[in-house]
Amino acid sequence: MTDHAVPADRFRYDSFTQAVHWLTLIAVAGVFVSGQIMDDMARGPARTQMIGLHVSVGLLVLVMTVLRLARRVAAPQPEPIPGSPLVQMAARAMHLTLYILLVLVPVVGMAMVWAKGRSVGVFGLFTLPPLIAPDRELADRLGDMHEIGATLIVILAGVHALAAIVHHAVLKDGAIARMLPLGAARRG
Ligand code: HEM
Ligand code: HEM
């Protein structure tokens with residue numbers, strides 16, 4: 001079958017998914033870097049402000065992921081890139097793991113803040129009511145989970161990006177164009 005036999009958009013993600021995908025990349029980079037910086041800062045108003053921004057943008061990642069998953073369930077998805085079933089399964093497993101982490105890391109972060117006995121503010125606009133009572137030991141454990149989860153996101157997203165680049169540059173199947181508004185998204 002030739003390319004023109006199937007409309008190009010059956011091979012491309014919708015614009016909402018595309019926008020949220022790249023906004024998530026920017027937000028995750030921001031929260032990861034701010035997390036590292038916060039860790040090295042001395043206590044004081046500057047650190048409190050940095051944590052406030054980290055928390056708010058981290059919650060934005062959670063909201064974007066939930067919306068994106070809702071969209072994914074509701075709207076038809078582009079056809080998978082042709083390839084061996086094993087590679088397709090690996091890609092699906094990678095995407096699923098990333099989605100799970102994009103939900104878990106912010107949720108654990110939020111639980112950690114509550115367990116520390118602090119409140120979760122959102123861009124200084126409002127505060128979320130605490131769902132967990134203060135518990136120092138729990139806060140420490142959640143802190144470790146938060147850090148491990150965040151590191152996993154960065155490692156897995158790096159492998160995922162590398163796979164996308166191999167698709168684009170070596171297999172030349174237009175994989176990256178599927179996540180971009182322009183360019184040739186093809187079946188391969
Ligand atoms: C995808 C979203 C997020 C990522 C990738 C992320 C990543 C990180 C990283 C890398 C650190 C530094 C860990 C360390 O070196 O000790 C950190 C610390 C922290 N994160 Fe997040 N975070 C996210 C979302 C959130 C959310 C939603 C909250 C709270 C509502 C939050 C609260 C915190 C707090 C309070 C710390 C400081 C912990 C401490 O040292 O006391 N994070 N985060
Ligand atoms: C924090 C960084 C990133 C996260 C969390 C992330 C997450 C995801 C997820 C969950 C999907 C699955 C979409 C779905 O089918 O529901 C996806 C698809 C995709 N991502 Fe990423 N991504 C990140 C960075 C990148 C980067 C840097 C690139 C490119 C260099 C990239 C290229 C792609 C492409 C091309 C697809 C579509 C794959 C396909 O057509 O099946 N992503 N991403």
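In listed order, ligands and their atoms are each counted from 1.
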Considering only the protein, which heavy-atom contact is closest to atom 14 (C) of ligand 1, and what is its distance? Glu147 CD, 3.6 Å

Lys116: heavy atom below 4.0 Å from ligand 1, yes or no? yes

Does Thr151 reach the main-chain N or O of Glu147 with its side chain, forming a donor-acceptor pair under 3.5 Å? yes

For Val113, the ligand 1 atoms whose distance to one of its heavy atoms is below 4.0 Å: 29 (C), 35 (C)

For ligand 2, is Ala91 a contact, meaning one of its heavy atoms is under 4.0 Å away? no

Please round to the nearest 0.5 Å and tell me the distance separating atom OG of Ser34 and atom CG of Asp39. 11.0 Å

Is there a heavy atom of Met94 sitting under 4.0 angstrom from any atom of ligand 2? no

Other ILVMFWY residues reachable from Val105 by side-chain steps of under 4.5 Å: Val28, Val61, Met94, Leu98, Leu101, Leu102, Leu152, Ile153, Leu156, Val159

What part of Ala164, side chain, backbone, both or neither, has a heavy atom within less than 4.0 angstrom of ligand 2? side chain

Closest by any non-hydrogen atom to atom 41 (O) of ligand 2: pick that one out of Phe32, Phe11, Tyr13. Tyr13

So between Arg12, His95, His160, whose heavy atom ends up nearest atom 33 (C) of ligand 2? His160

Could you work out, for atom 26 (C) of ligand 2, the closest of Ala161, Pro78, Gly174, Ala27 by heavy-atom distance? Ala161

So which bit of Arg72 gets within less than 4.0 Å of ligand 2, heavy atoms only: side chain, backbone, both or neither? side chain

So, does Arg12 use its side chain to make a donor-acceptor pair with the main chain of Ala177 at under 3.5 Å? yes

Suppose I only count heavy atoms of Ile176 and a 4.0 Å limit; which atoms of ligand 2 are within that range? 35 (C)

I'd like to know if Lys116 pairs up with Asp135 as an ion pair, taking the criterion as any Lys NZ or Arg NE/NH1/NH2 lying under 4.0 Å from an Asp or Glu carboxylate oxygen. no

Can you list the atoms of ligand 2 that are under 4.0 Å from a heavy atom of Ala175? 35 (C)

Do you know how many protein N, O or S atoms are within a distance smaller than 2.8 Å of atom 21 (Fe) of ligand 1? 2

Under 3.5 Å, N or O to N or O, is His21 touching ligand 2 that way? yes

Kindly compute the distance separating CH2 (Trp22) from OG1 (Thr17), expressed to the nearest 0.5 Å. 13.0 Å

Could you grab the distance from atom CG of Leu69 to atom CE of Met64, nearest 0.5 Å is fine? 12.0 Å

Hey, looking at atom 5 (C) of ligand 2, which of Val28, Leu102, Ile81 has the closest heavy atom? Leu102

Short list, please: which atoms of ligand 2 are under 4.0 Å from a heavy atom of Leu98? 7 (C)

Consider every N or O of Trp22 and every N or O of ligand 2, then say whether any pair is closer than 3.5 Å. no

When rounded to the nearest 0.5 Å, the distance separating CZ of Phe123 from CZ of Phe126 is 9.5 Å

Out of all atoms in ligand 2, which are within 4.0 Å of some heavy atom of Ala157? Include the element for each. 1 (C), 2 (C), 3 (C)

Is it true that atom CG of Leu125 has more than 12 heavy atoms of other residues, nucleotides or ligands lying nearer than 6.0 Å? yes

d(Gln36 CD, His54 NE2) to nearest 0.5 Å is 9.5 Å

